[in-house]
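Every chain is numbered from 1, with letters handed out A, B, ... down the list of sequences. Computed over heavy atoms, backbone and side chain alike; hydrogens, waters and symmetry mates excluded. Note that the structure is predicted; figures quoted are calculated from it, not measured.
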There are 2 protein chains.
Amino acid sequence: MSIGIKGLAEHLNLSIGTVSRALNDRPDVNPETRKRVGEAALALGYVPNQSGRSLRRGQTGVIAFMMETGHEITGQGDAFFMSIFDGVQTVLGRHHLDLVALLCPSDEDAGDYLKRMVSRGIADGIIISSTKRIDPRIDFLASRGVPFVTLGRSSTDAGQPWIDIDFEAMARQAIDRLVARGHERIAVTVPDDDANLGHVFLDSARQAHSAHGLVLDPELALPFRPNEAGGYAVAGRLLALPERPTAVVLLNPSLAAGLYRGLSEAGVRPGRDIAVIGRESPQSPYLSPSLTRFREDLFGCGMALCEALLASMPRYADIYPTGTIRRIWPTELIDGESDAFRAGR
Amino acid sequence: MSIGIKGLAEHLNLSIGTVSRALNDRPDVNPETRKRVGEAALALGYVPNQSGRSLRRGQTGVIAFMMETGHEITGQGDAFFMSIFDGVQTVLGRHHLDLVALLCPSDEDAGDYLKRMVSRGIADGIIISSTKRIDPRIDFLASRGVPFVTLGRSSTDAGQPWIDIDFEAMARQAIDRLVARGHERIAVTVPDDDANLGHVFLDSARQAHSAHGLVLDPELALPFRPNEAGGYAVAGRLLALPERPTAVVLLNPSLAAGLYRGLSEAGVRPGRDIAVIGRESPQSPYLSPSLTRFREDLFGCGMALCEALLASMPRYADIYPTGTIRRIWPTELIDGESDAFRAGR
DNA sequence: AAGGCATCCGTAAACGTTTACGGTAGTATT
DNA sequence: AATACTACCGTAAACGTTTACGGATGCCTT
C-alpha cells in the first residue's frame, strides 16, 4: 500500500538503518542527513507501520480504558468519565501515548471481553473502571502481567495500584450533616449490582449512623440504576415507603435530576419537604432548588489514575515514583438549598 | 515474556508452520495434530502476538469509532451512541472483529488526532461521527486509503459510504404538524458549531415553512450546546425573545429535560402554553407532560453503519453487497402531549 | 607518518507470525 | 512395479521495523 522505510531509504540512497535512526532522533546521524530524511518522509507521506514497530519494540504506545456499554457510559455520571479522560490524556500526552476506550458489549462477559482485548496486545497498559466487589478482571490482568490500574477498589486484590473516590468521607459527612439537622430517617441509595463503591458507601453510612446512636433501616437503602430514569425511580420508591424518610443521599451524579422530577410531580420540594444531598453533574448547577452536593476534581483524578498506571510500568519507573500508588481521592461538599429542610424534633 | 508459537512448536516437536496452520484451522493438517496443538496452546497459555500477526496479515481485526471527548459523549444524546455501539458490535461479532473508541481530547484538533491514530495502524476500518459541514477528516481518510464510513453526511465528499438520520423528514414532519395546529412562529434549535445535521435540519425547516407560505424568522433559530444545560439555556433564550414563539422543535435528544426545567421555572407548561417537539432520549419516556418526539432504531442504525463499512472493505466484499452504501435512516414520530397546544387564530 | 579517536553510515539479525512451496511418506491406480 | 495421487508436514521467505556491531572516512594527536 503506502511507502515503507525501505522505499524511503531507496529514494534517499541511504540504508534503512540510517533512515530509522534519523527518524527516531538517535545520536549518531549527521544532522544534515536527519533533516533530509525528515523532509523526504514528509514529502512522500511516510508513516511508520505500527505493527512492525510494536513487534520490534514490544510495545504499542496505547493505553486502554475499559468500560461497559451496557451500563450507559453517561449514566454513570455524564461528564464523569469525560473529565477523567481529559486528565488521563493530559498525562499520556507527555509521553506520546494515546488513549482508546475498550467498549465491552452489554451482552458479553466483561472478563471474556478483556481477555480478548489483552491477547490482541492492543495496549501497553489498561485502566479498568466500575470495579465490582468481586472482580475477576483483576486476577486475570495480574496473571497476564499486564500493567493496569483500577478506578475503584475491590476486595479482589492483586496488589495493583488503584485510585478511588472517598466514599467513606462522603457517607460520613452527609450523615453527620443530616443528623445535626435533626434527621433520623435518612434514605441512602446503592447500586443494583455488585459495584464496590456501593458496599463501601453503605458500610460507611451504617457506621456514621451508629456513631450517632442511630441505626440505618435496611428498608432505606434504595437500589438504583445509574441514570436519570434511575433517579426518577428512586423518588417513586422513596415516596411509597410506609414511613417516609426526611432525607435522602444520592450516590450517583445522574440521580438528582430524575429525583427532582419525581418529587416535583408529587408536590414534594427538595429543601422544603425533604433534604437531598447528591453529587456534582452537568445538570446539578442548574437544578432548582440548588443541590447540596459532593464534587471531586475529576480531571486531577484522571491524572492521578494515569500516573499510578505509568508508575507501575517498568518503562516509566525512572520518571514516576516507585511503589504501587493507591490513593483515596478527596471529595468536597458544596452547599446548596436542597438540604435546608430540618426534621422535626 | 510469555510463550510464542516457536516455544509451542518446540514443546510439541512440530514445526512452527504446522502449529500455525493448526491454530488457524487450515486444511492440510492432521485432525489429531490439530487437536494436540489446540490443547497444548490452552495448557501453556499461548496467545498469538497481535503485532506479529498484523504485520504479516496486514490487518488488525479492530474497527475504531472516533468521537470527541470535549463534546461530552453523553451530551450528544446519552444512550444515543451506546445504542449505536451495540448495533455495530453485533455485526462485528459475526466477523471476529472488535470495537474500540478513539477519544479525541477536547483541546486537540480532530484532524491531527485522527492522523496519529491512523498512522498507528490501530484499526482496519474507521467510523467517524458528528460530521461537520466541512470535515477535513474525510479527505484525509480517503487520501490514506483507510476504509471508513461516516455517521452523518458532509459537504466534504470523498465518495465514502455514510448513514445519516433523516433530518429532512424530521424538520418537515415537525413543521407540517405544528403549522396544521395553527402555529406560525416556530422556534427551531441548531447546533452551535458546523455540525452538518444542523445545516440539513435548518434548510429543511426553511423549505417546510415556505411550503406553507411562511418564512422562518432567523431570530427563531436558537443555537444550542448538546446537553441538558443546553436545553435549559434554550428555554431562557426562547422566553427572552421579544415576540415569544408558540412552538419549538428540539434537534437534540438531551435538550428536552433542560428545556422542561427552564420552562417550568418560568411557569410555562409544555403542551398547554407552548408546543414542544423533541427527540427520544433515556429521559424522554419519563418527562411530564409526555414529549412528542422523534425516535430512530439506533441499534439498527449501528448495524447498518457497520455493514456499510465492511462492504467497503475488499476483504468482506464477497459477503456484503458491493457498491458504496449510503442510507438515510428513517425516523418515527411518537405522539405525546407536549405539542397539544394550538396557536390562536 | 603512524596511531588513535570521533563521526557517520551500512549490514544483518531479530521481533512473531503467515503461507507458498517442496518433500516425504503412504495408498490407490494402471 | 512403476506411476500418480493424497495427506501431512517442514523449510524458508516475507511483513516493517529497530539496533548491536563493525567498517569507512576524516581529523587530531604524538
Would you tabulate the nitrogen or oxygen pairs shorter than 3.5 Å linking the protein to nucleotides 24-26 of chain D?
none

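- Listed by first and then second residue, the ring pair (Phe, Tyr, Trp, His ring centres under 6.0 Å) pairs that reach into residues 23-65 of chain B are B:F65-B:F81, B:F65-B:F85, sequence neighbours excluded.
- Close to D:dT18, at under 4.0 Å from its OP1 or OP2, lies a side-chain N or O of A:R53.
- For the helix from C:dA1-D:dT30 to C:dT30-D:dA1, the rotation axes defined at the first and last 5 base pairs enclose an angle of 60°, given to the nearest 10°.
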Which atom pairs, one a donor and one an acceptor, fall under 3.5 Å between side chains of residues 22-34 of chain B and the rest of the protein, sequence neighbours left out?
{"from": "B:N30", "atom 1": "OD1", "to": "B:E32", "atom 2": "N", "distance (Å)": "2.8"}
{"from": "B:R34", "atom 1": "NH1", "to": "B:R26", "atom 2": "O", "distance (Å)": "3.3"}
{"from": "B:R34", "atom 1": "NH2", "to": "B:V29", "atom 2": "O", "distance (Å)": "3.4"}

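- In the region residues 8-16 of chain B, proximity to DNA chain C at under 4.0 angstrom, judged on heavy atoms, holds for B:I16.
- Heavy atoms from other residues, nucleotides or ligands lying under 6.0 Å from CZ of B:R94 number more than 12.
- The stretch residues 18-35 of chain B touches DNA chain C through B:S20, B:R21, B:N24, B:R26, each having a heavy atom within less than 4.0 Å of the strand.
- By the 6.0 Å contact criterion, NE2 on A:H11 is open, its count of non-hydrogen atoms from other residues, nucleotides or ligands being 12 or less.
- Under the 3.5 Å distance criterion, the side-chain polar atoms of A:S154 are matched with a main-chain donor or acceptor of A:R133.
- Atoms CG and CG, on A:L141 and A:D135 in that order, are 9.0 Å from each other to the nearest 0.5 Å.
- By the 6.0 Å contact criterion, CD1 on A:I134 is open, its count of non-hydrogen atoms from other residues, nucleotides or ligands being 12 or less.
- A:K6 places its NZ atom 16 Å from the P atom of D:dT18, with the value rounded to the nearest Å.
- In this structure, OG on B:S129 lies 6.5 Å from CZ on B:R137, to the nearest 0.5 angstrom.
- If you take CG on A:L55 and OG1 on A:T60, they are separated by 13.0 Å, rounding to the nearest 0.5 Å.
- Atom CG of A:L8 and atom CD1 of A:I16 lie 11.0 Å apart (nearest 0.5 Å).
- Using a 4.0 Å heavy-atom cutoff across all strands shown, B:G17 reaches at least one base atom of the nucleic acid.
- Using a distance-only test at 3.5 Å, with no hydrogens or angles considered, a donor-acceptor pair links the side chain of A:D164 to the main chain of A:R153.
- Expressed to the nearest 0.5 Å, how far SG of B:C104 lies from CG of A:D98 amounts to 9.5 Å.
- In this structure, B:D124 contributes its side chain and B:Q59 its backbone to no donor-acceptor pair below 3.5 Å.
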